[in-house]
2 protein chains.
Amino acid sequence: MKISTRGRYGLRMLIDLSCQQSDTPVTLASIAQRQDVSVSYLERIASDLKRAGYIYSIKGPQGGYHMAKDSKDIVVGDLLRLLEGDVRLTDNHVTHENPLQECIRESVYDVLNEKIEHLVDSITLDTFVNEYKSNI
Amino acid sequence: MKISTRGRYGLRMLIDLSCQQSDTPVTLASIAQRQDVSVSYLERIASDLKRAGYIYSIKGPQGGYHMAKDSKDIVVGDLLRLLEGDVRLTDNHVTHENPLQECIRESVYDVLNEKIEHLVDSITLDTFVNEYKSNI
DNA sequence: TCAAAACCTAGTAAAACGGTAGGTATTATG
DNA sequence: CATAATACCTACCGTTTTACTAGGTTTTGA
């Protein structure tokens, strides 16, 4: 029941990037240094974030990354679903579930999952970005 | 970000046990059969639940388990903390955290964790037991 | 032409997960 | 008293996931 490093580094990368208001692209190396993460590991996460349309990249010297969306349009739940697979505490309905198990799943996990999804879907990234900026 | 089988089986065991209103103790074997879990694996979970005072056991033939608490006095959050370690999505403050990381932790994870803890701490087991009973 | 950057793929050590095996201790019952 | 049913305990183990690293290729501004 933990967010993995993928999710944590991804969040940190986007928050960091949102706070760098420069016209020149921000390099992975600089993000990695500020966030104390290895460049090569961050590359893979950046690749996912790019494919999903959160950031865009510019290749070559002086290249780097820019945000592709405003942080107030980024739903934290969507981000976690991308980086963590999903935000549910249990996998969905499995086969060979007997009626008792099904009842427990419905009455326990579906309730918890729904509340957690509602929670993360009601928070946008700018909440964190603003908090972060005000504390720098 | 998943509840492991420990947490799931433990919850199922307590809900199952709460629904067996018999005067005679309920054997692990019968719970294991109803819940489709191996007896030996459930033993270890039962051991934790017993040590924490959720259930008590009677040894020997005709022995088994009883609930030691009313399900309305069992907070789901406490149960998950026992079985899963904790319910936080991130580990607590780690050493070698730089100021930027600390700020992100405080503005992101502490907010999320607090909400999730509040959620699971506001639900007691009887919610699920009642739902379960009404569907049998 | 060079070097800085993004981008890509395969591999890998360690940890966690999800158990199983094989016992011991206790005690109700015939 | 013997037996069997039950809780209880410890060590081990195969698989999957995690969290990377290594070592490249591609693109492009200066």
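Because only heavy atoms are used, hydrogens play no part in the values below, and waters and symmetry mates are left out as well, while side chains stay in. Naming convention: chains lettered A, B, ... in sequence-line order (proteins, then strands); numbering from 1 in each chain.
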Quiz item: Counting only N and O atoms by type, is there a donor-acceptor contact under 3.5 Å from the side chain of A:Asp73 to the main-chain atoms of A:Lys69?
Solution: no
Practice problem: Could you state the atom-to-atom distance from CD of B:Glu84 to C1' of C:dA16 in whole Å? | Solution: 12 Å
Self-check item: Carboxylate-amine/guanidinium contact A:Asp91 B:Arg8, below 4.0 Å
Solution: no
Exercise. Could you state the atom-to-atom distance from CE of A:Met1 to C1' of D:dT18 in whole Å?
Key: 19 Å
Quiz item: When you measure from the side chain of B:Asp16 to the backbone N and O of B:Arg12, does any donor-acceptor pair fall under 3.5 Å?
Solution: no
Self-check item: OP1 or OP2 of C:dG18 under 4.0 Å from side-chain N/O of B:Thr5
Solution: yes
Quiz item: Contact class for A:Tyr56 (heavy atom, under 4.0 Å): base, sugar-phosphate, or nothing?
Solution: nothing
Quiz item: Is a donor on one side and an acceptor on the other found under 3.5 Å between the side chain of B:Ser122 and the backbone of B:His118?
Solution: yes
Quiz prompt | Over 12 foreign heavy atoms within 6.0 Å of CD, B:Glu97 | solution = yes
Quiz item: Can you check the A:Arg6 CZ to D:dT17 C1' distance for me, whole Å?
Solution: 12 Å
Quiz item: CD of B:Gln33 versus P of D:dT6: gap in Å, rounded?
Solution: 12 Å
Quiz item: Shortest non-hydrogen contact from A:Leu112 to B:Leu119?
Solution: O-CD2, 4.4 Å
Quiz item: Which whole-number value in Å describes the distance from A:Leu42 CG to D:dA22 P?
Solution: 16 Å
Practice problem: Applying salt bridge (charged side-chain N to carboxylate O under 4.0 Å, His left out) between A:Arg81 and each of A:Asp121, A:Asp86, A:Asp48, report the one that passes. | Solution: A:Asp121
Quiz item: Any side-chain N or O of B:Ser38 under 4.0 Å from OP1/OP2 of C:dG19?
Solution: no
Quiz item: Using a cut-off of 4.0 Å between protein heavy atoms and nucleotide atoms, how would you tag nucleotides 2-11 of chain C 5' to 3' with B, S and -?
Solution: -BBSSBB-B-
Practice problem: Please report, rounded to the nearest Å, how far the C1' atom of C:dT20 is from the OH atom of B:Tyr9. | Solution: 13 Å
Practice problem: Check the distance between C:dG18's C1' and B:Leu83's CG and give it to me in whole angstrom. | Solution: 15 Å
Exercise. Round to a whole Å and report the spacing from CG of A:Asp91 to P of C:dC17.
Key: 14 Å
